[in-house]
Amino acid sequence: MKLREQMAEKLKLPRDLVMGAAVLTVTGRSEAYIENYRGIIEYTETRIRLQTKTCQMILCGERLHIDYYTEDEMKISGEIGEIRYC
């Protein structure tokens, strides 16, 4: 186990906070909230590709759009059909 993981476990801290990991919350097939992303790589109606600290996250579907985004989080709406990590 890596030092940061051990520290998070011992101090009872959330892993996303210590590790900087992306947090994805999906509501049904129509909404996704992403926290701790680094940037938007691709943005079309059928595909949104994001860079996170450790990988890329790809959301595929129809009528996808970003409702809002800040430095820390974003909300994506539309008909989400698939979520992949690369």
Side-chain angles (χ1 to χ4, degrees):
M1 194 180 291
K2 295 181 182 177
L3 179 61
R4 286 185 183 210
E5 291 173 358
Q6 290 174 347
M7 192 170 60
E9 189 173 306
K10 288 187 189 278
L11 296 175
K12 306 284 189 232
L13 295 171
R15 291 178 64 107
D16 62 303
L17 179 66
V18 176
M19 304 296 294
V23 177
L24 172 65
T25 305
V26 180
T27 305
R29 293 184 63 176
S30 61
E31 292 181 338
Y33 295 88
I34 297 103
E35 299 175 64
N36 298 335
Y37 73 97
R38 287 204 168 166
I40 301 167
I41 298 170
E42 180 180 358
Y43 179 22
T44 69
E45 277 195 348
T46 58
R47 182 175 158 122
I48 297 175
R49 187 164 46 131
L50 306 172
Q51 181 65 50
T52 71
K53 184 175 181 178
T54 58
C55 65
Q56 289 184 10
M57 182 183 300
I58 302 169
L59 291 88
C60 298
E62 297 179 23
R63 296 179 301 282
L64 298 177
H65 62 277
I66 298 173
D67 291 336
Y68 72 86
Y69 67 95
T70 66
E71 286 185 17
D72 304 317
E73 65 181 20
M74 74 168 54
K75 177 185 175 189
I76 297 173
S77 295
E79 191 174 317
I80 301 167
E82 179 182 7
I83 299 171
R84 293 185 305 206
Y85 298 91
C86 301

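Below, all heavy atoms of this structure are taken into account, side chains as well, without hydrogens, waters or symmetry copies.
Put simply, Ile40 and Ile58 are part of two different groups of oily side chains (I, L, V, M, F, W, Y) that touch within less than 4.5 Å, one to the next. No continuous path of hydrophobic side-chain contacts links Val23 to Val26 [ILVMFWY only; heavy atoms under 4.5 Å].
Remark: Gln56 CD to Ile41 CD1 distance equals 3.5 Å, nearest 0.5 Å. Note that CG of Leu50 is 6.5 Å distant from CG of Leu59, once rounded to the nearest 0.5 Å.
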Check step by step if side-chain contact (heavy atoms from CB on, under 4.5 Å) holds for Ile48 and Ile76. CA-CA 9 Å; Ile48 297 175; Ile76 297 173; 3.7 Å; yes
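Scored by the side-chain hydrogen bond (donor to acceptor under 3.5 Å, both in side chains) test, Glu71 finds no partners at all (sequence neighbours excluded). For Arg38, there are no side-chain hydrogen bond (donor to acceptor under 3.5 Å, both in side chains) partners at least two apart in sequence or on another chain. Applying the side chain to side chain contact (heavy atoms under 4.5 Å, CB included) criterion to Tyr69, with sequence neighbours excluded, gives Tyr37, Ile66, Met74. Remark: Glu31 engages Lys75 in a salt bridge (Lys or Arg N to Asp or Glu O under 4.0 Å) (not counting sequence neighbours).
Taking 4.5 Å as the limit, every side-chain heavy atom of Leu64 sits out of range of all side-chain heavy atoms of Glu45. The side-chain heavy atoms of Glu42 and Arg47, taken from C-beta on, include a pair separated by under 4.5 Å.
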Please report, to 0.1 Å, the donor-acceptor pairs under 3.5 Å made by any side chain of residues 77-86, with sequence neighbours excluded.
from  : atom 1 : to    : atom 2 : distance (Å)
Ser77 : OG     : Asp67 : OD2    : 2.4
Glu79 : OE1    : Arg63 : NH2    : 3.2

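Under a 4.5 Å side-chain heavy-atom criterion applied to ILVMFWY residues, the cluster that includes Tyr33 comprises Tyr68 as well.
With Asn36 contributing its side chain and Ala21 its backbone, the two residues share a donor-acceptor pair below 3.5 Å.
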